[in-house]
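Everything below concerns the one structure shown next.
Note that the structure is predicted; figures quoted are calculated from it, not measured. The basis for the numbers below is simple: all heavy atoms, side chains too, and nothing from hydrogens, waters or symmetry mates.
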Amino acid sequence: MRDRFFTILKIVFSLALVAVAFILVDMQRVAAQLANAQLGYFALALVFYLIAIAVNGAKWQVLMRAQGIRVPFRAVLRFMFVGFFFNNFLPMVGGDVMRGFSLARYTDRTADAAVSVIVDRIIGLMAYMSSAVLAAFITVIVLRRQDLRWLEWVALVAFSVLALGFAVLLSRRLRMIISRVFAWHWLNPLAGTWERVSGAFNAYRFRPDALAVAFLVALAGILCTTLVNWLLSQSMGGLMWLPYIFLLNPLIALLQTVPISVGGGLGVNQAAYPFFFGLVGVPADHAVAVSLLMQAVVFLGSLPGGFLWFQGRARRLEHETAQ
């Protein structure tokens with residue numbers, strides 16, 4: 001009941017943000033831009049979004065192998081698409097939870113699966129923030145936008161917090177301190193679970209090479225998602241300049257990690273796009289139109305995950321029936 005209540009709250013919040021965004025812009029101009037959007041650009045943006053999912057799957061696979069988990073890339077892609085489908089269409093079960101569950105069932109290594117998803121998320125956000133820091137530096141120094149220096153500090157602080165938090169998770173000394181907490185009799189039943197989780201994190205302490213490769217792969221994924229936004233803007237006149245997308249796209253992605261919305265950032269996107277891109281002179285109606293096209297790309301790109309999930313479920317039912 002509690003999960004349903006919070007899911008309903010997130011749906012209401014998402015719809016409220018969409019309504020506010022629609023009230024604050026001229027929806028006739030938004031509709032006109034959407035009606036004139038060039039389908040070729042939209043189709044190419046969808047292709048790059050699917051490539052981004054595949055690239056992020058490769059990042060996750062690198063992190064799995066650092067733990068000694070060997071999973072075929074085809075299976076990793078299936079887990080990725082199923083996770084995206086659940087994240088966007090079945091919000092009661094988060095996409096990351098579904099990814100971890102699918103991997104745990106495939107490998108029978110629950111703790112390692114859960115930790116790989118957590119590390120995958122952290123590495124991805126660190127890559128986002130590092131690209132935002134670089135883009136902010138170029139914007140402030142090269143383009144002489146001193147009024148946007150505060151965005152550079154936001155990105156730098158976010159990256160520093162993520163890096164520090166990840167370092168804490170990898171700290172053997174800190175994990176040993178936490179282990180003492182589980183010696184208390186009311187937490188003792190969870191001691192075994194914590195030991196497995198701690199051991200899963202410990203595997204990454206000795207694989208800085210894998211973490212570096214995953215970080216570089218994450219940057220490739222960010223390039224793809226940045227091109228998605230640029231192509232969607234190009235389809236309606238191209239009012240979003242590519243360097244600004246490199247700067248602002250990571251900040252919008254950071255907001256999407258806050259669990260306050262459903263549907264891949266529905267509502268958050270419609271509020272964040274006109275706010276952030278308004279700072280660099282992009283008209284609000286164009287920013288909202290791009291956010292709506294981005295939402296369409298996210299939903300369409302997630303649909304293969306639904307097909308794969310139903311296909312897998314049908315196979316399991318068939319197997320159980322045969323047994």
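Side-chain contact check for Asn36 versus Met236: every heavy-atom pair is 4.5 Å or farther apart. Contact annotation: the side chain of Phe277 never approaches that of His286 to less than 4.5 Å [non-hydrogen atoms, C-beta and beyond]. Taking 4.5 Å as the limit, every side-chain heavy atom of Trp230 sits out of range of all side-chain heavy atoms of Asn249. Within the 4.5 Å cutoff, the side chain of Tyr204 has heavy atoms near those of the Val119 side chain. At least one side-chain heavy atom of Ile53 sits less than 4.5 Å from a side-chain heavy atom of Phe84.
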Take Arg149 and Ile141, measure what side-chain contact (heavy atoms from CB on, under 4.5 Å) needs, and give me the verdict at the end. CA-CA 9 Å; Arg149 182 176 290 277; Ile141 302 301; 4.2 Å; yes
Stepwise side chain to side chain donor-acceptor pair (under 3.5 Å) check, Asn88 with Ser302: CA-CA 7 Å; Asn88 294 317; Ser302 304; 2.4 Å; yes
Using side-chain contact (heavy atoms from CB on, under 4.5 Å), reason through Val71 and Leu103 one step at a time and then give a plain yes or no. CA-CA 9 Å; Val71 180; Leu103 179 60; 3.8 Å; yes
Kindly determine whether Met129 and Val161 satisfy side-chain contact (heavy atoms from CB on, under 4.5 Å), including the steps that lead there. CA-CA 10 Å; Met129 291 306 105; Val161 169; over 6 Å; no
Apply side-chain contact (heavy atoms from CB on, under 4.5 Å) to residues Phe42 and Val297 and explain how you reach the verdict. CA-CA 8 Å; Phe42 180 83; Val297 166; 3.6 Å; yes
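Results of the side chain to side chain contact (heavy atoms under 4.5 Å, CB included) test with Phe246 over Ile138, Thr139, Asn229, Thr226 single out Thr226 as the only residue that passes.
Applying the salt bridge (charged side-chain N to carboxylate O under 4.0 Å, His left out) test to every pair with at least one member in residues 217-233, sequence neighbours left out, gives no pairs at all. Note on residues 54-75: pairs passing salt bridge (charged side-chain N to carboxylate O under 4.0 Å, His left out), not counting sequence neighbours, are Lys59-Asp120. Counting only residues at least two apart or on different chains, the salt bridge (charged side-chain N to carboxylate O under 4.0 Å, His left out) pairs with a member in residues 207-232 are Arg207-Asp209.
With sequence neighbours excluded, the residues that form a side chain to side chain contact (heavy atoms under 4.5 Å, CB included) with Asp96 are Arg99, Val117, Arg121. A search for side chain to side chain contact (heavy atoms under 4.5 Å, CB included) contacts involving Asp26 returns Gln28, Arg29, not counting sequence neighbours. Taking the ring-ring contact (aromatic ring centres under 6.0 Å, His included) definition, one finds that Phe166 meets it with nothing, sequence neighbours left out.
Formation of a donor-acceptor pair under 3.5 Å by the Gln234 side chain with backbone atoms of Leu231 is not found in this model.
Summarising the local packing, CH2 of Trp153 is surrounded by 12 or fewer heavy atoms from other residues, nucleotides or ligands at distances under 6.0 Å. Annotation for Phe137: atom CZ does not count as buried by contact number, only 12 or fewer foreign heavy atoms lying within 6.0 Å.
Remark: Leu46 CG to Phe299 CZ distance equals 13.5 Å, nearest 0.5 Å. Expressed to the nearest 0.5 Å, how far CG of Leu292 lies from CG of Leu232 amounts to 10.5 Å. Rounding to the nearest 0.5 Å gives a distance of 10.0 Å between OH of Tyr128 and CD1 of Ile252. A distance of 10.5 Å separates CZ in Phe159 from OG in Ser131, rounded to the nearest 0.5 Å. Atom OH of Tyr41 and atom OG of Ser233 lie 10.0 Å apart (nearest 0.5 Å). Going from atom CZ of Phe73 over to atom CH2 of Trp60 covers 11.5 Å, rounded to the nearest 0.5 Å.
In the hydrophobic clustering of this structure, Leu293 groups with Leu50; members are Ile, Leu, Val, Met, Phe, Trp, Tyr whose side-chain heavy atoms approach within less than 4.5 Å, directly or through other members. Linking ILVMFWY residues whenever their side-chain heavy atoms come closer than 4.5 Å, directly or via other members, places Val290 and Leu34 in the same cluster.
Here the shortest heavy-atom pairing between Ala287 and Met240 reads CA-CE, 3.8 Å. In terms of heavy-atom proximity, Leu279 sits nearest to Leu151 at CD1-CD1, 4.2 Å. Closest approach of Gln295 and Leu266 over heavy atoms only: NE2-N, 3.6 Å. The nearest pair of heavy atoms linking Gly100 to Ala113 is O-CB, 3.6 Å. The nearest pair of heavy atoms linking Ala284 to Val25 is CB-CG1, 3.7 Å.
Within the 6.0 Å centre-distance limit, the rings of Phe79 and Tyr106 are counted as a close aromatic pair. Taking the six-membered ring where the residue is Trp, the centroids of Tyr244 and Phe276 are separated by 6.0 Å or more. Taking the centre of each ring, Trp309 and Phe81 stay at or above the 6.0 Å mark.
Using modelled atom types, one finds no donor on one side chain facing an acceptor on the other under 3.5 Å when comparing Ser235 with Gln38.
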